[in-house]
Structure formats: C-alpha cells, structure tokens
Amino acid sequence: MKDERNILDVVDLDDKPSKTSSSKKSGKRRNYSHDKDYSTIGPRSHKKKKRKHSHIGLWLAAILITLIALFVVLLIFNKKTIKFSIKDGGVTKVEYGESFDPKSVTAVYTGTIFSFMKKDCTVKQIEGETDFSQLDLGEYPVKFKATYGSESKECSQTILVQDTTGPEITLEGEGYASPGTTYKEEGYTAIDNYDGDVTDKVEVSASEDKVKYTVTDSHGNSTTVERTITYKDVFAPEITLTDGEKVLIQLGDEYKEPGFKAVDDTDGDVTANVKVDGTVDSSKYGTSYITYTVSDSNGNEASVTRMVVVQEFEAPTLTLKGDSSIYLNVGDSFEDPGYSAEDETDGDLTDDVKIGGEVDTSKAGVYMLKYTVQDHSENETTASRYVYVYQAQTEDATKDPGDKVVYLTFDDGPGPYTEQLLDVLDKYNVKATFFVTNQFPDYADMIGEEYDRGHTVALHSYSHAYETIYTSEEAFYTDIAKMNEIIYEQTGQYANILRFPGGTSNTISRHYATGIMASLAESAPKLGFYYTDWNITSGDAGETTDTAVVASNVINGMKYQDVSVVLQHDIKDFSVAAVEEIIQWGLANGYTFLPMDETSPMIHWKANN
C-alpha cells in the first residue's frame, strides 16, 4: 500500500489533462483543485520550510554578534578628548573698530570616533588681552584653558586686528542740474573706520553725466562711488529781500516796501512775476508778515516771508531823585530818594522800574544800585546810584611792620606789560600792590589775574583824566566808584586802598578846583578809604626811560628807608624790566617785600591845593 501511495503521488503530481480527454469533448473545464488530493505532499514541504528558517536565524545571529563586536572595538578606540571651537595656533581676524569676544571661544569633551557624544567644558582665558573693543592694529596672542572634570586642555590663538575696509563715502543731494547748466556739487563726506574723516582726501572727477568720487585710506583701502547727473529743472527761483527778512518801523510811520529780486537758473530774472501778499498796519504795535511768491516756466515755486515789526525806537527817560552819590556813616539808615520813568508813547513807566543791588549800612563799603526800565518795544534805559558807607579812620589804623620792608607799587595799569611783571614777581614769590585804572580796557582781566596771584588790587582812577576827576569831590568819588565796580567784577571784592592820581601834593588840580586835594585828603578816611603816596620814586614818570637808571633809583632809595613805598608804572616796559634786578638786590640784602593792606604804613604828602 505504501508503494502504491507513492506511485499515486507521482502520478498525481505529473497528471495533466489530455487534449483528447472526454472533458474537452464534452466542452466542460476540469477542476483540478477539487479533483486531486494533495494531502499526501504535506510532510516533505514542512521539512523544507524548517530548513530555510534555520538558515535565516543563523545569519541574523552572526550579524548581531558582528555588530556588537564592532561596537565594542569602537568603544575601545573611542578616546575621550577636549575639542576647542578654534584651531590651536590659529589666527582670528578682527576688523579694526569691531570687537572680538573671548567668550565666543567654546570647547566640548567628546570622543575621537563618537563625536556626537559630547559635554560642554568650562573655558577660561588665561593669557593675553581681555578687552578687544578698542585695540589698535596688530597681533595679540591669547591662550584659553578648557576644563571638564579632571580633564583640561589649553589652546593658543592670535587675534589679528586689521584694517581692510575702505572709507564710506556719502553723497549729499539728489544729483539734479537744470538743462544747459553745469552741475553744482551738492557735497559729500568720507569717513574711514581707522583714519576718521577723510573728506579732504576725496578725489573728484566729472564727465558729462557722471561724477566719480574716490578716496583711499592710510592702509591702501579704496572706495569709489558714482553720482549720476539728471539734467532736469527741479530748482525753484531764488528770492532775495532787500533789507532782509525782518524790518522794524517806527510806530505811526508808513510802511514802504524795501524791494526784492527773483532769479531763476533757467529763466533768468523773474522779478516781474513775483506776487506780493500781506499788509502792514503801522498805527499800532504788532508784527505783520509779507509773503513773496514766484514760479519758473517749469512750475518750480519759491516763497519767502518778511516780518515787519511796528515798534518805538526811543528809549524811556529815567530820572533819579536826589544825589547819584550818597554818603552814610556805618549804622545810618538808608532810604531811596526815589526815581521816575517816562516814555513818549507808553507814558508813565515809574511802576515798571526794576532795582538791582542792596545797601548794607552795617558794613563800610561802596554799594551800587542799578535802576532799569523798558518800554513796550523793549527799549531799555538804566541809571546807577552809589551809596558810600564809611567809618572814620583811627590813629591805630596804620602801623609800622618793621624795618627793611619794601612795598612795590605800580600805578596806571593794567597794560600790555602787566602779565610780564606778574611772571617776574612769581619767580621770586614777591607780592606787590597795583593801583589800577581803566585806561586800557582790553587788559581789565589782568586785574583778576593780579588778585588771583596774591597781590593787592588798589584804587587809582577809572579815567585818570585830571580835568574830570578834580573838578569836585563828587566827580572824584564817582570816578573811583566806577573803578571799584570793575575791580569787584574781576575779583569779587571792593578795594579800599587808594592813591590820588598825581599824589596828594599835586598842583595840577589847581586848574580845576581850588583846595580839592586838601578836601579829598580829609574826606577819604571818613569814607573808609586808606590813601597813600610814596617815599621812593623810580623816575619812570618822565625823568628817564633807561632800565638801569630806574633800578638804580629804587635801590638807592631803599638803602635809606626802613619802610619803602616804591612808585613805578607797569605800563612802562623799561620800568617793568628793572623789577627783577631790584628784587634780586633786595633779597640778597635781607629786605622783605610785602603787599599793602589796611595795616600797612600809609605815606601822606602834604596837600598843596
């Protein structure tokens, strides 16, 4: 039976329908799937499948083992190391003016094979510059150190600061020119990151419709830009107003047009086409506006405006009641005598008067009150009143500081040689006394310089005009008050030591007022002034112009005086030139040079008028 089944299996497997079979003749298709029984094939087919699956499993196992082995090998050779973001020994280029940030350098702890397995390191700069924001051109070596756990590594780098950028050229304007005209340069600037402003180094070359601008910096970096010229009339005419854009007219006067002119670069004179709008009412204060407008043949319009201000030109009249100079003893009360102000148009302006300054009668000194008033048109008038608060001088007010004392005094300045004199005095640390005037206003600042350098600034005269100051006591003290205000402006202090121009004994004052010098010598101490003459004359007031003679005169005079008050003039160059020799001789012979103050001995000559 077993053999038969096998034969049958063979037959069944090979059995195919015959072309002459009865089924074909009968016209029916035979269904082999249902007619044959393949159940006897099963055992052999399953064995083949098992063998196939067994082979695949072996292959997979082999591949897996190989991969694992390869991975293990790679792990063995995957050495850990620190890698920087920069190349060791490399160069980092930085453009001048830009900055290099050391914090941009990073490092990771990673493998030589598995680079994706990495950890960030701590990086610190250990050598070189740390601030790269303002470095000059050059090479700057730096070194960094990266740390991860117990591992560390160093990396060197050279920071190269260089200038490879050309200057930046900026063109102004839009490059227009009217047809038939030549282009007028509208301006340009050139700024270099290293050289700064290099506008003056720009080379300009022009063709018919282009202008080329080229500039090269100190490191050979060049920049070129081009301007294309468009020939089109885009420029409005230019209107010029006669007498300017602001005109002032007197209240009540009729406004008369000062005139104007309009010129166009294409059409020429277009003054006849100007339209004028606006009116002026000069019967009242105020401001009016006149507008001038004109267009050229291409429709370019220009317009300017003139402001017309109606005002009054005459300033108010300000009158002080009482005297302009008032004398008071310390402790007396002061009451302003009053004032009035009148304006031709605005009327009584007394209530608008402003007073500046204060009077303190508890302290001796000169006080100035300044009165100011303005009218509707801001025309201003000022007036001043001087209040002299004095204290009688006592016998103890002057004393002898000792022997061999020299007071160098200089009259009539400051002038062109005063600063030279101050330098000589500074050289020997000698202080002097300057009886100042306002004869040379351009040198008034030297008064402050004298004071700042430790010298005494004293009063001489504002005008030094004998014909004015010696006409009366009031005239003299008014002149002195003016000078004292200048001293105060320069030093912040009023002076109370004075010297009469020409000295107390002068006789020229007889031409202007009899007995004036005797009166001044008496009133000056009562007003709180300390006046002094001199006991040594240098001869620079007319006797000589020889420096050697001046020095000799002073030195010879000092030999015979315990206390010397020397008269010189710092407006005389030859006299100033003698001072150094005088100081040198005096210091070598034990003399002391001092500036005058209220305690200094005051030399008084007898008044001859």
Side-chain angles (χ1 to χ4, degrees), residues 168-191 197-215 224-315 345 376-379:
E168 181 179 353
I169 300 176
T170 302
L171 303 181
E172 300 174 5
E174 299 180 357
Y176 283 104
S178 296
T181 66
T182 302
Y183 171 71
K184 295 181 180 180
E185 177 59 54
E186 297 169 273
Y188 52 85
T189 57
I191 305 297
D197 192 336
V198 291
T199 304
D200 59 341
K201 293 181 173 58
V202 176
E203 297 180 357
V204 182
S205 59
S207 60
E208 184 177 348
D209 60 351
K210 292 187 184 299
V211 180
K212 182 183 292 185
Y213 307 81
T214 302
V215 65
T224 299
V225 297
E226 271 191 352
R227 187 199 300 273
T228 300
I229 309 303
T230 303
Y231 288 93
K232 179 181 178 181
D233 184 11
V234 297
F235 303 102
E238 182 177 346
I239 302 175
T240 303
L241 300 180
T242 305
D243 292 347
E245 296 182 356
K246 182 178 180 180
V247 173
L248 307 178
I249 64 171
Q250 175 67 33
L251 179 69
D253 288 354
E254 180 184 358
Y255 172 70
K256 296 180 180 180
E257 171 59 50
F260 51 86
K261 187 174 183 179
V263 178
D264 184 65
D265 63 346
T266 301
D267 298 343
D269 191 337
V270 291
T271 304
N273 300 334
V274 175
K275 296 179 180 179
V276 182
D277 294 314
T279 58
V280 176
D281 183 359
S282 61
S283 65
K284 57 183 180 180
Y285 290 116
T287 302
S288 301
Y289 298 92
I290 309 296
T291 302
Y292 305 79
T293 306
V294 66
S295 297
D296 63 16
S297 58
N298 290 307
N300 300 303
E301 183 179 275
S303 180
V304 296
T305 301
R306 191 199 305 272
M307 179 172 64
V308 182
V309 180
V310 179
Q311 65 174 39
E312 182 185 7
F313 293 140
E314 296 296 327
T345 302
H376 186 278
S377 298
E378 299 184 353
N379 297 304

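The shown structure was predicted, so the numbers you read here are calculated from the model rather than taken from an experiment.
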Tell me, with the steps shown, if Lys212 and Thr224 meet side chain to side chain contact (heavy atoms under 4.5 Å, CB included).
CA-CA 7 Å; Lys212 182 183 292 185; Thr224 299; 3.5 Å; yes
Please walk me through it: do Val308 and Ile249 pass side chain to side chain contact (heavy atoms under 4.5 Å, CB included)?
CA-CA 7 Å; Val308 182; Ile249 64 171; 4.3 Å; yes
Take Tyr188 and Val204 through the test side chain to side chain contact (heavy atoms under 4.5 Å, CB included) and record every step on the way to the result.
CA-CA 10 Å; Tyr188 52 85; Val204 182; 3.5 Å; yes
Between Glu174 and Lys232, does a salt bridge (charged side-chain N to carboxylate O under 4.0 Å, His left out) hold up when you go through it step by step?
CA-CA 11 Å; Glu174 299 180 357; Lys232 179 181 178 181; over 6 Å; no
Lys284 and Val310: CA distance, side-chain angles, deciding distance, side chain to side chain contact (heavy atoms under 4.5 Å, CB included) verdict
CA-CA 7 Å; Lys284 57 183 180 180; Val310 179; over 6 Å; no
CA sep, side-chain torsions, deciding dist, call: Arg227, Glu185, salt bridge (charged side-chain N to carboxylate O under 4.0 Å, His left out):
CA-CA 10 Å; Arg227 187 199 300 273; Glu185 177 59 54; 3.0 Å; yes
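Counting only heavy atoms from C-beta outward, the side chains of Tyr285 and Glu312 approach each other to under 4.5 Å. Residues Pro258 and Leu241 are not in side-chain contact: their nearest non-hydrogen atoms beyond the backbone lie 4.5 Å or more apart.
Between the Thr199 side chain and the Ala190 main chain, a donor and an acceptor come within less than 3.5 Å of each other. Without hydrogens or angle criteria, Asp267 side chain to Ser297 main chain gives a donor-acceptor distance under 3.5 Å. Side-chain N or O atoms of Asn298 include none that pairs as donor or acceptor with a backbone N or O of Asn300 at under 3.5 Å. At least one donor-acceptor pair under 3.5 Å links the side chain of Thr271 to the backbone N or O of Ala262. Between the side chain of Ser303 and the backbone N or O of Thr293, no donor-acceptor pair lies under 3.5 Å. Counting only distance, with no hydrogens or angles, the side chain of Glu186 and the backbone of Gly175 share a donor-acceptor pair below 3.5 Å. The backbone N or O of Phe313 sits less than 3.5 Å from a side-chain atom of Gln250, completing a donor-acceptor pair.
For the 3.5 Å distance criterion, the side chains of Ser178 and Asp265 qualify, holding a donor opposite an acceptor. A donor and an acceptor atom, one from each side chain of Glu257 and Tyr255, are located under 3.5 Å apart.
Partners of Thr170 under the side-chain hydrogen bond (donor to acceptor under 3.5 Å, both in side chains) rule, at least two apart in sequence or in another chain, do not exist in this structure.
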